[in-house]
Structures are given as structure tokens and as C-alpha cells.
Amino acid sequence: VESLGRIRAYGVGILSKKQATERQKTELNNLITELGDALKFLKIDIKKAGRDAPVIQSALSAAAQNVYDAAREITDLAADILAGRFTMSSHDFFDLTTGEIDKVYAQLHESLLPLCASLLEARIARAENTLYASIGAALLLFLAVIYFTVGVSYAITSNVQSLARSARVFADGDMRERIDLGARDE
């Protein structure tokens with residue numbers, strides 16, 4: 001959109017004087033080239049977005065086509081200036097290019113921004129679901145660690161208590177006491 005505004009400003013300046021120097025023609029041509037490059041990148045980005053979210057491909061393509069059409073109208077008017085045809089008044093050039101720029105802004109606000117907002121909301125919802133799943137998995141893992149820690153602690157504590165009880169009985173002189181730890185190791 002910035003390139004469109006710059007072409008509009010440069011074109012109005014040239015048409016107000018009804019003449020263009022070679023430097024002005026070169027600058028206007030450079031602006032048209034920059035606009036073409038920006039449109040190529042827009043086309044690439046629209047294709048990428050369509051691949052990532054096929055549901056919005058048609059809406060994105062329609063919005064992009066409107067932007068391309070507006071840019072073509074402005075570049076066609078600028079091409080007349082480059083060719084040395086100053087038949088249009090600067091006021092008419094300004095009104096026509098402003099109308100096309102307004103169409104682009106309307107397209108952005110009516111189509112592209114709501115599409116972007118819905119894509120962001122969907123991505124945020126997926127991220128929240130991932131977060132909740134991660135928190136749930138971490139909580140389950142934490143509970144499993146607590147469960148096993150308590151189990152090991154209980155097993156060790158009960159064996160130590162059994163040994164202590166048997167040691168007291170031995171100390172009292174009863175040598176018939178047997179120690180049964182219930183363990184299957186050495």
C-alpha cells in the first residue's frame with residue numbers, strides 16, 4: 001500500500017507541472033518496479049498461507065486479486081505518465097489512485113484482517129490445548145513419582161522398623177526371634 005501511495009504522490013507532482021524530467025521518470029519507474037516486487041512477495045505469501053490453511057485459500061485469493069487489480073490500475077495510469085502523455089489532470093489522477101488505494105484498504109480491513117484474526121485465534125486455541133495436555137502429562141508424571149516415592153519409603157521404613165523390633169527382642173534375651181523382611185534378595 002505504501003508503494004501505491006508513493007506512486008500517487010509522484011504522479012500528482014509530475015502531472016501538476018505537465019512535464020517529467022528523466023530523473024522523475026526513472027524514480028517513477030523504480031516505484032512501479034518496487035510495487036511489482038511487493039506484489040510478487042504478496043503472491044508467494046498468499047500461496048504459503050493457502051497451503052497452511054486451505055480453508056481460507058479462496059478468500060485469500062479473491063482478496064489478493066482485488067489488490068492486484070488496484071495496483072494494475074495505478075501502474076497503468078503511471079505508465080501513461082512515463083510515456084509522456086499528460087492528458088489527465090493531477091486532481092483526476094489523485095482521485096483515481098486514491099479510490100484504488102481505498103479499495104485496497106477496504107479489502108485489508110474487510111477480508112484479510114478478519115482472516116488473519118481467525119487464523120491467530122485457531123493457532124492460540126491449538127497452543128492452549130497443547131499447553132493443557134503438557135500440564136496434564138506433567139501432573140500425571142509428578143503423581144506417579146510421588147506414588148513410587150511413597151511406596152519405596154514405606155517399604156524401607158517397614159523393613160527398618162521390623163529390624164529395630166527384632167533387635168529389641170534380641171537385646172531382651174529372646175534368641176528365638178526371627179527376622180522376616182519379606183524381601184527376595186540377599
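Being a predicted model, the structure only gives us computed values, none of them experimental.
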Legend entry - Which atom of Ser16 lies closest to which atom of Ser90, heavy atoms considered: N-CB, 3.7 Å
Legend entry - Nearest-0.5 Å distance that lies between atom CD in Glu27 and atom OH in Tyr10: 4.5 Å
Legend entry - Nearest non-hydrogen partners of Leu82 and Lys25, listed with the distance: CD2-O, 3.3 Å
Inset, instruction - For residues Leu4 and Ala71, report the shortest heavy-atom separation together with the two atoms involved. - result: CD2-CA, 3.9 Å
Legend entry - Spatial distance of atom OG1 (Thr75) from atom CG (Asn29) [nearest 0.5 Å]: 11.0 Å
Legend entry - hydrophobic_cluster_shared for Ile7 and Tyr68, side chain cutoff 4.5 Å: yes
Legend entry - Distance in Å, Asp80 CG paired with Thr87 OG1, rounded so as to fall on 0.5 Å steps: 6.0 Å
Legend entry - Heavy-atom check, side chain of Leu96 versus side chain of Ile74, under 4.5 Å: no
Legend entry - Heavy-atom side-chain proximity of Ile14 to Phe86 below 4.5 angstrom: yes
Inset, instruction - Taking all non-hydrogen atoms of both residues into account, name the closest pair between Ile81 and Gly11 and its distance. - result: CD1-CA, 3.8 Å
Inset, instruction - Using a cut-off of 6.0 Å, state whether more than 12 heavy atoms not belonging to Lys18 lie near its atom NZ. - result: yes
Legend entry - Over all atoms of both residues, closest heavy-atom pair of Leu28 and Ala78: CD2-O, 3.9 Å
Legend entry - Leu77 and Glu73, any side-chain heavy atoms less than 4.5 Å apart: no
Legend entry - Distance, nearest 0.5 Å, that separates CE of Met88 from CG of Asp95: 10.0 Å
Legend entry - Whether Gln24 side chain and Thr21 backbone form a donor-acceptor pair below 3.5 Å: yes
Inset, instruction - Would you give the length of the straight line joining atom CD of Glu100 to atom CG of Asn66, rounded to the nearest 0.5 angstrom? - result: 10.0 Å
Inset, instruction - Without swapping roles, check the side chain of Ser166 against the backbone of Leu163 for a donor-acceptor pair under 3.5 Å. - result: no
Legend entry - Check: Thr130 side chain, Arg126 main-chain N or O, donor-acceptor pair, under 3.5 Å: yes
Legend entry - Any Arg8 side-chain heavy atom under 4.5 Å of Thr98 side chain: yes
Legend entry - Same cluster (ILVMFWY, side-chain, under 4.5 Å), Tyr105 and Leu42: yes
Legend entry - Hydrophobic cluster identity match, Leu141 and Tyr132, side-chain contacts under 4.5 Å: no
Inset, instruction - Please report the C-alpha distance between Asp92 and Ser89 in whole Å, then the side-chain angles of each, then the deciding distance to 0.1 Å, and finally whether the side-chain hydrogen bond (donor to acceptor under 3.5 Å, both in side chains) criterion is met. - result: CA-CA 5 Å; Asp92 290 341; Ser89 72; 3.2 Å; yes
Inset, instruction - Over all heavy atoms of both residues, which pair between Thr149 and Val145 is shortest? Give the atoms and the distance, please. - result: OG1-O, 2.6 Å
Inset, instruction - Under the side-chain hydrogen bond (donor to acceptor under 3.5 Å, both in side chains) rule, what do Asn30 and Glu34 come out as? Steps first, then yes or no, please. - result: CA-CA 6 Å; Asn30 288 342; Glu34 285 177 22; over 6 Å; no
Legend entry - Value rounded to 0.5 Å, distance of SG in Cys116 from CD in Glu121: 11.5 Å
